[in-house]
Amino acid sequence: MKILVTGGGSLLGQGIIKALKKSSLNFYLVVVDVNPLSAGLYWGDEKYIVPFASSPNYMESMEKLLLKIKPDFVFIGTDVELIHFAQNKKLLEKKYKTKIVVSNEKVIKIADDKFKTSEFFKINGFNYPITVDPSNPIEIENLISKKGFPLIVKPRVGGRSFQVSKVEDKRSLELKIKETNSPIVQEFIGSDSYEYTASGLCFDGVCNASIVLRRDLKDGNTFRAFYTNNENFNLKIKQWTEALNPFGPANFQFRIDKEGKPKVFEINARFSGTTPLRAIMGFNEVELCINKLAYNKDITQPQINNYMILRHWSETTINSLEDTKVKKI
């Protein structure tokens, strides 16, 4: 089996590769990235440099790559590439006889936009963090009146806690709104000590497997993870996932409100930076997806190890600069 993973320099792309290497699958791995010094490039059997996803010839280059290597599966390792593959999925799969693990354009757009994420949960009758557009001062005042401070200011589109600010008063709120790209204002939920990241796997509208981790964050990424066995949480994940109806994985990040109810503040319509941690615990969502799509194996809830995982830096050694001369596609 030949597998292509994009984003060899990203936490997500590298996480997908780590999960593959923990699986029992026999595969030939091709890794691509925009930078020849991306560590994940050197974890595969073959490597290529591709243009940035914002480049006008990005999809042309990816099609050349698909024609050249003929992968059985494509896994996407950066957020910015998702929409390109979502828009072209059917055409690419038919033309190059491959399987691309990506959700449709509608799902990607709900997950990418924090305001649309909140609206998705509201429309489907789930608990949701009240989220307002700061261009409407009446909605801001209503939010302050209903929830008080602190509040959260964040970009509508973004990740890894970039430009996410907790504000304690009106003056700080006004300042952060001005400093933030396309801002939204959201109620503050729970505490930093109890934040969760969860995954559901969905095919044909049904979620048959999920996992919940409590996590500690550093620089917007999970650096400590704790398996959480909670039937209510897993029921909610099943409901959220089936309402969203992704193709394969969906990642939900949530906290618990004062009434003890989970409220999701972010969706990732893809695998997650914690995918390799889940694989260590026995929930290898990458392997589960391949077994479903390649061998028609039903997805069932795996037995999960009750682990606590402490993340740390690691190294990839390259013999010489000559070895970093990666082929461009």
Side-chain angles (χ1 to χ4, degrees), residues 2-17 29-117 154-160 162-163 180-184 220 246-251 266-273 324-329:
K2 188 175 283 188
I3 298 175
L4 170 64
V5 177
T6 74
S10 72
L11 181 68
L12 174 59
Q14 291 175 9
I16 293 169
I17 296 169
L29 179 61
V30 181
V31 185
V32 303
D33 196 76
V34 298
N35 191 322
L37 295 181
S38 295
L41 282 176
Y42 302 92
W43 300 353
D45 301 292
E46 203 172 334
K47 52 189 179 292
Y48 293 91
I49 296 299
V50 295
F52 283 94
S54 57
S55 169
N57 65 333
Y58 169 76
M59 279 311 303
E60 180 185 351
S61 296
M62 292 307 301
E63 286 207 50
K64 287 180 181 177
L65 184 65
L66 294 174
L67 179 63
K68 179 179 177 64
I69 67 173
K70 298 178 174 59
D72 298 288
F73 279 92
V74 178
F75 291 100
I76 303 158
T78 69
D79 287 305
V80 291
E81 295 173 291
L82 290 171
I83 195 70
H84 294 288
F85 279 97
Q87 291 170 339
N88 295 281
K89 175 183 168 77
K90 289 183 180 179
L91 173 65
L92 295 176
E93 288 188 330
K94 183 178 181 181
K95 189 173 181 180
Y96 300 106
K97 305 295 187 292
T98 187
K99 294 182 176 68
I100 302 172
V101 183
V102 67
S103 293
N104 65 45
E105 191 174 353
K106 179 184 176 182
V107 172
I108 300 297
K109 288 182 175 179
I110 289 171
D112 279 352
D113 187 315
K114 305 299 185 295
F115 190 83
K116 288 183 179 179
T117 295
K154 62 173 71 170
R156 283 186 66 146
V157 178
R160 297 178 301 280
F162 178 69
Q163 286 194 328
T180 305
N181 298 328
S182 301
I184 56 170
F247 182 81
N251 171 242
E266 182 168 329
I267 303 173
N268 293 303
R270 53 165 171 74
F271 296 108
S272 158
T324 67
K325 292 183 178 179
V326 187
K327 290 175 285 187
K328 291 184 179 180
I329 197 66

### Query
His84 and Met62: side-chain contact (heavy atoms from CB on, under 4.5 Å), yes or no, with the steps?
CA-CA 10 Å; His84 294 288; Met62 292 307 301; over 6 Å; no
### Query
Are Glu266 and Asn268 side-chain neighbours, meaning at least one heavy-atom pair lies under 4.5 Å?
yes
### Query
Considering only heavy atoms from C-beta outward, does the side chain of Phe247 approach that of Asn104 to under 4.5 Å?
no
### Message
Is the positively charged end of Lys68 above the ring of Tyr48, judged by distance under 6.0 angstrom from the centroid and angle within 45° of the axis?
### Response
no
### Query
Rounded to the nearest 0.5 Å, how far apart are CD of Gln163 and OG of Ser182?
9.5 Å
### Query
Is there a side-chain contact between Ile3 and Pro71 (heavy atoms, below 4.5 Å)?
no
### Task
Measure across Ser103 and Ala269 and return the closest heavy-atom pair with its distance rounded to 0.1 Å.
OG-O, 4.4 Å
### Summary
For Leu37 and Asn35 the tightest heavy-atom approach is N-OD1, 2.8 Å
### Query
Rounded to the nearest 0.5 Å, how far does CG of Leu4 lie from CZ of Phe73?
12.5 Å
### Message
Can you pull out every salt bridge (charged side-chain N to carboxylate O under 4.0 Å, His left out) where at least one residue sits in residues 100-111? Sequence neighbours excluded, please.
### Response
Glu105-Lys109
### Task
Answer yes or no: is there a side-chain heavy-atom contact under 4.5 Å between Tyr42 and Val326?
yes
### Query
Do Val101 and Phe271 have side chains that get closer than 4.5 Å, going by heavy atoms?
yes
### Message
Within this structure, what is the CD1-NZ distance for the pair Ile267 and Lys116, rounded to the nearest 0.5 Å?
### Response
12.5 Å
### Non-hydrogen atoms of Leu41 and Val31 that approach each other most closely
CD2-O, 3.4 Å
### Task
Could you walk me through whether Thr6 and Val50 pass side-chain contact (heavy atoms from CB on, under 4.5 Å), step by step?
CA-CA 9 Å; Thr6 74; Val50 295; over 6 Å; no
#### Entry: Minimum heavy-atom distance Arg270-Leu12, with the two atoms named
CD-CD2, 3.3 Å
### Query
Does any N or O in the side chain of Ser10 come within less than 3.5 Å of the main-chain N or O of Gly13, such that one atom is a donor and the other an acceptor?
yes
### Pairwise side-chain contact, Lys47 with Lys327, heavy-atom cut-off 4.5 Å (strictly under)
no
### Task
With the side chain counted from C-beta on, respond yes when Ile329 and Val32 share a heavy-atom pair under 4.5 Å apart, and no when they do not.
no
### CG on Leu92 to CE on Met59, rounded to 0.5 Å
4.5 Å
### Task
Look at the side chain of Lys2 and the backbone N and O of Ile69, then say whether any donor-acceptor pair between them is shorter than 3.5 Å.
yes
### Task
For the pair Ile100 and Ile76, evaluate side-chain contact (heavy atoms from CB on, under 4.5 Å) and give the outcome as yes or no after the intermediate values.
CA-CA 8 Å; Ile100 302 172; Ile76 303 158; 4.1 Å; yes
### Message
Checking Tyr96 against Leu67 for the side-chain contact (heavy atoms from CB on, under 4.5 Å) test, could you report, in this order, the C-alpha distance in whole Å, the side-chain angles of both residues, the deciding distance, and whether it holds?
### Response
CA-CA 6 Å; Tyr96 300 106; Leu67 179 63; 3.8 Å; yes
### Task
Please round to the nearest 0.5 Å and tell me the distance separating atom CD of Glu93 and atom CG of Asn88.
11.0 Å
### Query
Hey, what do you get for NZ (Lys328) to CD1 (Ile49), rounding to the nearest 0.5 Å?
8.0 Å
### Summary
In terms of heavy-atom contacts, Gly40 and Gln14 come closest through N-NE2, 3.7 Å
### Summary
Residues Asp33 and Gly9: closest non-hydrogen pair is OD1-N, 2.9 Å
### Task
Please examine the side chains of Glu63 and Lys95, heavy atoms only from C-beta on, and report whether any two atoms are closer than 4.5 Å.
yes
### Query
In a check of side chain to side chain donor-acceptor pair (under 3.5 Å) between Arg156 and each of Thr180, Thr117, Asp113, which one passes?
Asp113
### Message
Which label fits Tyr58 and Phe85: parallel for a plane angle under 30°, tilted from 30 to 60°, or perpendicular past 60°?
### Response
perpendicular
